[in-house]
Amino acid sequence: MTDASATDSNSDEFDFEHTPETDQSFENALAKARDGARLTVADGIELMTTGTDVSGIDPVRKEQVLEAADRRRAEVVGDDVTFVANLNNNVTTACNTGCLFCNFKNTAHQFESDYEGEHTGFTKTPTESREIVEEALETGIYEVTSVSGLHPAFVLNEEHREILETYDDPYAEADYKPPAAYDKDPGTYVEQMRAMSVGGAHLHSMTPEEAYHARRGTNWSYEDVYRELKAAGLSSAPGTAAEILVPEVREVICPGKIGTEEWVEGMEGAIAAGLDVTATIMYGHVENEAHRVMHLKVIRDLQDRTGGITEFVPLSFVHQNTPLYDRGLVTGGASDDEDELMIAVSRLFLDNVENIQSSWVKFGNAKSLKLLNCGANDFMGTILSEEITKRAGGGYGEYRSFDDYVAMVSAIGRPPVERSTDYRERRRIDPDDGPHGPTLGPRADGTPMLSDRPDGTGSTAPADD
Ligand SMILES: C[S@@+](CC[C@H](N)C(=O)[O-])C[C@H]1O[C@@H](n2cnc3c(N)ncnc32)[C@H](O)[C@@H]1O
Ligand SMILES: Nc1c(NC[C@H](O)[C@H](O)[C@H](O)CO)[nH]c(=O)[nH]c1=O
Ligand SMILES: N[C@@H](Cc1ccc(O)cc1)C(=O)O
Ligand code: SF4
């Protein structure tokens, strides 16, 4: 068996049980993919590696996989390229979980009132979150995505706080410290949900990891927690915190995070509470292709059981400023070939998930457009602000206007389509009838976004590539 692993990491060091080796042949796997047959994990590994019988990525085979995925995309969702008018609002960077791929967080002790050093993190009160959303609503956005660090003062509600305060040593036992210990109070999760679900905006928030934090130290079910959040204004939940849903990889990159089974339990709880969810994979670090496909299997099984996943988002690891890179555990992120195959095999393997996203914040304009021809059909959203990728060293900017979107999508000959978060509402945009602005939200009247940004940057996307 040759080394078919293409990941730019020192993965030999990890001595993983799962390696990209199969008894299947690439040709068989490709034939099954072309026929629309359900793929096994072995099939997926063959496609992801372009065959475990060859070393590295075979360019001819890669094109065959991409073509099969592009064709499947056209059959399943047609040619439309969808995107959403949204705002990203991260509430706090305080977090003690210590994931080694993450440079978004700042350890929470730095936020304590008596801390004397400097740090670059932030916490927003519910009132501040509301003001940020209110201001963004004026640009026509109709979705707020909010993911945050697990601040020790964050609790679901006052009842949760009372339970945590009964512990002898709440910080050691349940990562809880009262707001009085900190410079700034993030309030409760319920208060933040109420604050951000203003003006008819769709609130997309509370990853399974955040939901875990919102029930820590209690025996509450994920479903009950998500019900409470939904009653406070939550509309759907992001399936991040997934990273790679294989225990031997999580042990290396995020030993402090919930495990694979608990992530699945969290997602099922959200769906049982009546929320749509998304699902993600964060790849291109220490994992190999077998892990990537095993992850896809976890997602496909979850979708078979629930039908609750609206989209799948492959997030390519941004390595520059992360502990994984600093400590020499990886030497870079995924290659272009790996990004293309990740999107294509997601499309082919996830036969029960309609929408596959190409994320410009991770790939930049040129590559994310290419990926729309490798199996992806969704092109993310305007976001207006971005901290996670930026702090990790990503350089593709923090927003795209509708004019940017229409220009980019038209340039590859596909129809630009504005969508709601749940994909139920759609509007095809006439590229010749500009300037373009969102129309689906309560305050979205078609006025172009970002024409009067306070920093004067206007609506031009950064020239990233
Ligand atoms: C930063 S966390 C915030 C929400 C919450 N703390 C959690 O972990 O679910 C959101 C996601 O960002 C992604 N992320 C973090 N650092 C990244 C990096 N360097 N490259 C790519 N994605 C990253 C991970 O997939 C992570 O689950
Ligand atoms: N809403 C989407 C985002 N938002 C930005 C993220 O919250 C985040 O900052 C970053 O992606 C961290 O991994 N990003 C997407 O890639 N896709 C979305 O739909
Ligand atoms: N990792 C990102 C990206 C993302 C957000 C929302 C999604 O539905 C999908 C992906 C986040 O946690 O915010
Ligand atoms: S990924 Fe989330 S949980 Fe992990 S350190 Fe970053 S903010 Fe904290």
Side-chain angles (χ1 to χ4, degrees), residues 82-108 121 141 143-152 154 175 202-214 236-245 250 253-258 263 266-267 278-285 295 310-326 330 333-334 355-363 368 371 376 378-394 396-400 419 421 423:
T82 51
F83 48 90
V84 63
N86 63 352
L87 163 77
N88 213 29
N89 178 50
N90 309 111
V91 170
T92 177
T93 60
C95 191
N96 287 326
T97 310
C99 303
L100 278 76
F101 55 80
C102 178
N103 193 41
F104 169 72
K105 85 283 191 179
N106 304 94
T107 39
I141 62 104
E143 174 199 299
V144 178
T145 294
S146 182
V147 299
S148 301
L150 311 177
H151 194 303
F154 240 152
D175 194 20
H202 177 116
L203 179 56
H204 182 61
S205 187
M206 300 301 293
T207 75
E209 190 71 33
E210 294 178 284
Y212 164 81
H213 199 61
S236 60
T240 49
E243 326 309 358
I244 296 285
L245 291 165
R250 297 181 89 71
I253 66 165
C254 51
K257 250 189 162 121
I258 56 174
W263 184 89
M267 295 291 274
T278 61
T280 63
I281 181 171
M282 206 265 303
Y283 67 96
H285 38 85
H295 178 105
T310 55
E311 71 186 7
F312 184 67
V313 187
L315 300 166
S316 198
F317 172 56
V318 178
H319 67 278
Q320 285 87 343
N321 303 331
T322 63
L324 279 180
Y325 183 64
D326 287 346
V330 299
N355 303 295
I356 307 288
Q357 183 182 103
S358 175
S359 173
W360 57 254
V361 76
K362 296 292 191 271
F363 302 118
S368 56
L371 296 173
D378 183 69
F379 205 7
M380 206 182 124
T382 54
I383 72 172
L384 308 185
S385 142
E386 209 287 334
E387 294 292 337
I388 299 171
T389 310
K390 186 172 70 179
R391 284 164 171 251
Y396 297 125
E398 301 194 49
Y399 62 91
R400 296 291 183 271
R419 66 158 167 100
T421 305
Y423 289 83

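All ligand and atom numbering here is 1-based and tracks the order in the structure. Bear in mind that the values here come from a model prediction, so they are computed numbers and not experimental data.
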query: Quick one: does Thr322 get within less than 4.0 Å of ligand 1, heavy atoms only?
result: yes
- request: Take every heavy atom of Ser316, measure it against each atom of ligand 1, and state whether any distance is under 4.0 Å.
  value: yes
Phe312 and His295 aromatic ring geometry - parallel, tilted or perpendicular at 30°/60° bounds: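 Aromatic pair His295/Phe312 classed tilted.
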query: According to the interplanar angle, ranging from 0 to 90°, do the rings of Phe317 and His285 count as parallel (below 30°), tilted (30 to 60°) or perpendicular (above 60°)?
result: perpendicular
Of all the atoms in ligand 2, which lie at a distance below 4.0 Å from a heavy atom belonging to [X]?
X	result
Leu315	16 (O)
Asn86	1 (N)
Ser359	15 (C), 16 (O)
Gln357	15 (C), 16 (O), 17 (N), 18 (C), 19 (O)
Lys362	10 (C), 11 (O), 12 (C), 13 (O)

N/O separation below 3.5 Å, [X] to ligand 1:
X	result
Leu315	no
Phe317	no
Phe101	yes
Thr207	yes

Selected option - heavy-atom contact closest to [atom], from [options]:
atom	options	result
atom 8 (O) of ligand 1	Arg391, Met282, Lys362, Lys257	Lys257
atom 6 (N) of ligand 1	Gly149, Pro208, Ser148, Cys99	Ser148
atom 12 (O) of ligand 1	Ile388, Asn103, Ile253	Ile388

query: Does any N or O atom in Glu143 lie less than 3.5 angstrom from one in ligand 2, N or O only?
result: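 No, since none of the N or O atoms of Glu143 sits under 3.5 Å from an N or O of ligand 2.
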query: So is Asn90 polar-close to ligand 2, meaning N/O to N/O under 3.5 Å?
result: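 Such a contact does not occur with ligand 2.
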query: Quick one: nearest non-hydrogen protein atom to atom 5 (S) of ligand 4, plus distance?
result: Cys99 N, 3.5 Å
statement: Residue, atom and distance of the protein heavy atom nearest atom 8 (Fe) of ligand 4 read Cys95 SG, 2.4 Å
task: Could you tell me whether Glu243 approaches ligand 1 through its side chain, its backbone, both or neither, with non-hydrogen atoms closer than 4.0 Å?
output: side chain
State whether a side-chain donor-acceptor pair under 3.5 Å links [X] with [Y].
X	Y	value
Thr421	Glu143	yes
Thr322	Asn103	no
Ser146	His204	no

task: Using a strict 4.0 Å cut-off to heavy atoms of Lys105, name the atoms of ligand 4 that fall inside it.
output: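 What qualifies from ligand 4 is 5 (S).
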- prompt: Considering only heavy atoms of Phe101, which atoms of ligand 4 have at least one such atom less than 4.0 Å away?
  reply: 1 (S)
- request: Begin from the C-alpha positions of Val318 and Phe101 and carry the test side chain to side chain contact (heavy atoms under 4.5 Å, CB included) through to its verdict.
  value: CA-CA 8 Å; Val318 178; Phe101 55 80; over 6 Å; no
- prompt: Under 6.0 Å from the OH atom of Tyr212, do we count more than 12 heavy atoms belonging to anything else shown?
  reply: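 Open: at most 12 neighbouring heavy atoms sit under 6.0 Å from OH of Tyr212.
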